[in-house]
Amino acid sequence: MTDLSAELLAWYDVHARRLPWRVPPQERRAGILPDPYRVWLSEIMLQQTTVAAVIPYFAQFTEAWPTVADLAAAPDEEVMSAWAGLGYYARARNLLKCARAVAAGDGHFPDTEAGLMALPGIGPYTAAAVAAIAFDRQATVLDGNVERVMARLHAVEEPLPDSKEALRAHAALLTPAERPGDHAQAVMDLGATICSPRSPACGICPWRAPCRARAEGIAAELPRKRAKAAKPVRLGYIYLARARDGAVLVETRPEKGLLGGMLGLPGSDWSAAPEPAPPLAADWRQAGEVRHTFTHFHLRLAVLVAGVPEGGPGFRQVPARAFPTVMRKAYLAGLAALETA
DNA sequence: GAGTCGTGGAA
DNA sequence: TTTCCAAGACT
């Protein structure tokens, strides 16, 4: 173990964040490891998602489905509905595929990176994270935190993603044979709490002394990233048809693509010049506009509403929370317009 | 390798 | 208001 690793672990022993899916360092040092199911579930939820956003979803999932066998046996729609609002819905579809693959095997998660990588939704980062955190394998995690910490520690000025393999090599050299799971969590905690993207707290960093970016006064500028393309604006029409009993016309979106597999309201395509596409003949009236921004475009939806005497095929009573956020916004805007009519 | 794929909070 | 971006994976 290098001095750097030892200093980081000493810092982690004192400053580790308490998180619902985590076994604290004191217990890990006594030989207690977390449930691989909980580690895996948390890592999938945490992909490109903040800890604060994940916490309530993690609580709900582990309450509803305490084991991987429970999750594997759950109906698709229940799981997709429970995931609604968390984003990146391919994660939820792959979550179920993965749980079912594990349950169809011996019921246990693989304890190696290669074995984990073979499962749906588990890529290089998540495989390393589960191997290290759940099984204390000497695996090197490389997420956004680790990239940032390594870029600063070694003053790597080449922009991402070109520098990724260099950063991975730096991270691998620091990964200790002892306590690799705590090391992985420690680097990420350091990145999340001290070596933060905008204003790093270098003054209290355990790696303050060896950090080259800090010495050069460029810590806050690293890692550099190539400029991103501007987001275009897309337009669309979306329709809320509501029966007297409160049922609304909904659809399950196709498995692939944006909001795949999620519940939605019917509507037009989303483009520069969409054609209106009412799902049924009715007295549609304007109920305002909903704006929403996705990863690579801005969306403005014209919401149209109509009250219909009776429902029919596709009409269901649906709680707002069952929709992905953009659909939830449209649904609530439409409901408000119907109320004031 | 470059695009696709969500969301909400912070600055 | 706009931009950035958070424990990435998949195609």
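Because the structure is predicted, anything quoted here is derived from the model rather than measured. Numbered from 1 within each chain, the chains take letters A, B, ... in sequence-line order.
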*A:Lys231 side chain to A:His296 side chain, donor-acceptor N/O pair below 3.5 angstrom*: no

*asked:* If I take atom NZ in residue A:Lys225 and atom C1' in nucleotide B:dA2, what distance separates them, rounded to the nearest angstrom?
replied: 16 Å

_side-chain N/O A:Thr325 vs B:dG6 OP1/OP2, d < 4.0 Å_ = no

*CG of A:Leu142 versus P of C:dA9: gap in Å, rounded?*
10 Å

*Give me the residues of residues 176-197 of chain A where at least one heavy atom lies under 4.0 Å from an atom of DNA chain C, by number, or none.*
A:Met188, A:Pro197

*Using whole Å, report how far CG of A:Leu160 lies from P of B:dA2.*
13 Å

*For A:His298 and C:dT2, give me the distance from atom NE2 to atom P, rounded to whole Å.*
7 Å

*Nearest whole angstrom, please: distance from the P of C:dG8 to the CG of A:Leu95.*
16 Å

_Of the listed nucleotides B:dT7, B:dC5, C:dC10, the one nearest the side chain of A:Asn94_ = C:dC10

*Quickly work out the A:Leu259 CG to B:dC5 C1' distance and round it to whole Å.*
9 Å

*Verdict with supporting geometry, A:Arg22 and A:Glu27, side-chain contact (heavy atoms from CB on, under 4.5 Å)*: CA-CA 10 Å; A:Arg22 177 176 286 179; A:Glu27 293 178 35; over 6 Å; no

*Using whole Å, report how far CE of A:Met117 lies from P of C:dA9.*
8 Å

*Please tell me which of the listed nucleotides, B:dT7, B:dC5, C:dG8, lies nearest to the side chain of A:Tyr89?*
B:dT7

*Taking the six-membered ring of A:Phe297 (Phe, Tyr or Trp), confirm whether the NZ or CZ of A:Arg234 is under 6.0 Å from its centre and within 45° of its axis.*
yes

*Pick the P atom in B:dG8 and in C:dA9, then give their distance to the nearest Å.*
22 Å

*Within residues 42-70 of chain A: residues closer than 4.0 Å to DNA chain B (heavy atoms)*: A:Gln48, A:Thr49

*Between A:Arg91 and A:Arg198, name the one whose nearest nucleotide on DNA chain B is closer to the 5' end.*
A:Arg91

*State which of C:dC5, B:dA2, B:dC5 makes the closest approach to the side chain of A:Lys228.*
C:dC5

*Is it possible for you to check whether A:Arg100 lies under 6.0 Å from the centre of the six-membered ring of A:Trp65, through NZ or CZ, and within 45° of that ring's axis?*
no

*asked:* Whether the side chain of A:Tyr125 and the base of C:dG8 hold a donor-acceptor pair under 3.5 Å is what I'd like checked.
replied: no

*Roughly, in whole Å, what's the span from CZ in A:Phe297 to P in C:dT3?*
16 Å

*Can you spot which of A:Glu113, A:Gln47, A:Glu43 makes a side-chain hydrogen bond (donor to acceptor under 3.5 Å, both in side chains) with A:Thr126?*
A:Gln47

